[in-house]
Amino acid sequence: TKPGQNMRINLLDREFVAEVIGTFILTFGGKATALGGLTGESTSSQLTGAFGAGLAVMLALLVTVPVSGGHLNPCITFSWAVSGRFKWRKVPKYLLGQYLGAGLGALAVLLVYFETVDKFGATVIASYPNPLHQHSAVKYEVLDYCNLTFDQFLASTFLLLAFSSIVLEKHNPGPLLMGLSVTGIILALGQNAGCAMNPALDLMSRCVASLWDLTVFPFTANNHFWLIPLIVPHIGALAGVFMHKIIFREDNSDHTKF
C-alpha cells in the first residue's frame with residue numbers, strides 16, 4: 001500500500017456514501033418540516049420542526065448505522081476522534097460526506113418547495129436568532145453573543161451526551177432514542193436560535209440559500225451569527241463526550257456504531 005493511500009476519498013467507499021445519504025435525509029427532513037411551519041403559529045411551528053427533525057434523525061440512522069455508524073454530524077466525528085473512540089484516518093471522508101450530503105439536502109428542499117421558497121425567499125432555510133436578540137446598544141449585543149454561544153454549546157453538549165450514552169451503553173432502539181433526544185433538545189432550545197447542533201447542516205444550508213438568492217444575508221445577519229453554530233458546537237460536543245467519560249466507565253473496545 002502506498003503511503004497516504006488510506007487518506008484518499010474513495011467515492012465508492014460505503015461509509016462515505018452512507019454519510020452522504022444519511023446527512024441528506026437529515027437535512028431534507030429537518031429543513032422541509034421547518035418550511036412547512038412557516039405559515040403556522042409559532043408554537044405549532046416549533047413542535048412541527050422539532051418532531052420533523054427528530055424523525056429525520058431516526059430515518060437517517062436506520063439507513064446508515066449498519067454501515068458508517070450514523071455520525072451525520074461533524075461534531076460527532078470530531079469529538080469521538082479527539083476522545084479516541086474513532087479513527088482519525090476516517091475523519092476526512094466522514095466530514096466530506098456530511099458537508100456534501102447537507103448541501104445536496106438543502107438544495108433538494110429548495111427544489112421540492114420551489115413555490116414556498118419563491119414566496120418567502122431561500123434564506124428561510126437558514127437558522128437565525130430570535131428577533132428578541134436584536135438590539136442597537138453594543139452592550140446588549142455582546143450579552144446576546146454570550147447568550148447565543150452558551151445556547152449552541154449547551155445543545156451540542158446534550159447531543160453528544162445522548163449519542164455517547166445510547167451507543168456505548170447499548171440502549172435500544174438506538175435510532176428512535178436518538179431521534180427523541182434531538183426532538184427534546186430542539187423543543188428546549190430551538191426558540192432561542194434554531195438549535196443547529198450540526199455545523200454541516202447549518203453552513204451548507206446558508207451556502208445554498210446564498211447562491212440561490214444571490215445574497216450574503218445568511219452570513220451577515222445578526223452580526224455574523226453564522227460563526228457561532230459553525231464553531232461552538234464542536235466545543236460543546238467535546239464537553240459532552242468527556243462528561244460522559246467522567247460519568248460512565250468504559251472498556252477498551254472500539255466503539256463506533258450503535
Side-chain angles (χ1 to χ4, degrees), residues 15 18-19 22-23 26 30 50-51 53-91 94-95 98 127 146-202 228-258:
E15 292 175 329
E19 287 296 299
T23 313
L26 175 64
F51 280 101
L55 291 172
V57 168
M58 183 181 71
L59 175 58
L61 290 178
L62 287 172
V63 173
T64 62
V65 163
V67 181
S68 68
H71 286 199
L72 316 179
N73 187 332
C75 291
I76 292 176
T77 302
F78 172 73
S79 60
W80 271 46
V82 171
S83 66
R85 293 171 175 165
F86 190 68
K87 298 176 181 177
W88 276 104
R89 65 179 178 82
K90 291 186 176 184
V91 170
Y94 269 63
L95 295 184
Q98 290 155 7
S127 62
C146 293
N147 174 273
L148 295 171
T149 297
F150 184 62
D151 170 270
Q152 296 292 319
F153 174 86
L154 202 60
S156 298
T157 300
F158 289 158
L159 179 71
L160 265 295
L161 266 175
F163 184 86
S164 299
S165 298
I166 292 170
V167 175
L168 299 177
E169 308 307 319
K170 296 179 172 57
H171 298 308
N172 288 306
L176 175 61
L177 294 175
M178 197 64 218
L180 290 174
S181 297
V182 169
T183 297
I185 295 170
I186 294 176
L187 285 174
L189 296 168
Q191 289 278 21
N192 201 30
C195 201
M197 293 186 285
N198 190 324
L201 188 155
D202 187 84
I228 295 178
L230 176 65
I231 299 172
V232 176
H234 292 89
I235 304 172
L238 287 174
V241 166
F242 286 102
M243 197 177 297
H244 179 272
K245 278 197 168 189
I246 293 173
I247 299 173
F248 296 95
R249 293 192 311 172
E250 300 179 23
D251 56 34
N252 294 321
S253 58
D254 181 20
H255 301 291
T256 58
K257 300 180 179 180
F258 282 94

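Hydrogens, waters and symmetry mates are skipped; everything else that's a heavy atom, side chains included, is used. Numbering starts at 1 and runs along the sequence shown. This is a predicted model, so every value here is computed, not measured.
Remark: Phe51 CZ is loosely packed, at most 12 non-hydrogen atoms of other residues, nucleotides or ligands lying under 6.0 Å away.
Taking 4.5 Å as the limit, every side-chain heavy atom of Pro233 sits out of range of all side-chain heavy atoms of Met197. Looking at Asn73 and Pro199, their side chains come closer than 4.5 Å, going by heavy atoms from C-beta outward. Side-chain contact between Val232 and Ser156: absent, with no pair of heavy atoms (C-beta onward) separated by less than 4.5 Å.
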Could you walk me through whether His244 and Ile247 pass the side chain to side chain contact (heavy atoms under 4.5 Å, CB included) test, one step at a time?
CA-CA 5 Å; His244 179 272; Ile247 299 173; 5.8 Å; no

With side chain to side chain contact (heavy atoms under 4.5 Å, CB included) as the criterion, how do Phe242 and Val82 come out once you've worked through the C-alpha distance, each side chain's angles and the decisive distance to 0.1 Å?
CA-CA 10 Å; Phe242 286 102; Val82 171; 4.3 Å; yes

Evaluation steps, side chain to side chain contact (heavy atoms under 4.5 Å, CB included), between Trp80 and Val241:
CA-CA 7 Å; Trp80 271 46; Val241 166; 3.8 Å; yes

Please assess Met178 against Val167 for the test side chain to side chain contact (heavy atoms under 4.5 Å, CB included), listing each intermediate value before the final yes or no.
CA-CA 10 Å; Met178 197 64 218; Val167 175; over 6 Å; no

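Between Ala18 and Thr64 the shortest heavy-atom distance is O-CG2, 3.1 Å. Nearest heavy atom pair, residue Ser79 against residue Cys75, reads OG-O, 2.6 Å. Nearest heavy-atom pair across Asn198 and Leu72 is ND2-O, 2.9 Å. Considering every non-hydrogen atom in both Thr157 and Gly236, the closest pair reads OG1-O, 3.1 Å. Taking both residues in full, the closest heavy atoms of Thr183 and Gly54 are given as OG1-CA, 3.3 Å, listed atom of the first, atom of the second, then distance. Scanning both residues, Gly69 and Phe163, for their nearest heavy atoms gives O-CZ, 4.3 Å.
With hydrogens and angles disregarded, a donor-acceptor distance shorter than 3.5 Å links the side chain of Tyr94 to the backbone of Ser68. Side-chain N or O atoms of Lys90 include none that pairs as donor or acceptor with a backbone N or O of Glu15 at under 3.5 Å.
Here CG of Asn172 is found 7.5 Å from CG of Leu177. Values are rounded to the nearest 0.5 Å. Here OG1 of Thr77 is found 6.0 Å from CD of Glu19. Values are rounded to the nearest 0.5 Å. Separating the CD1 atom in Ile228 from the CG atom in Asp151 is a distance of 9.0 Å, to the nearest 0.5 Å. A distance of 10.5 Å separates CG of Asn147 from CD of Gln152, quoted to the nearest 0.5 Å. The line from CG of Leu238 to CZ of Phe153 is 9.0 Å long, rounded to the nearest 0.5 Å.
Using a 30° and 60° split on the angle between ring planes, Phe78 and Trp88 fall in the perpendicular class, above 60°.
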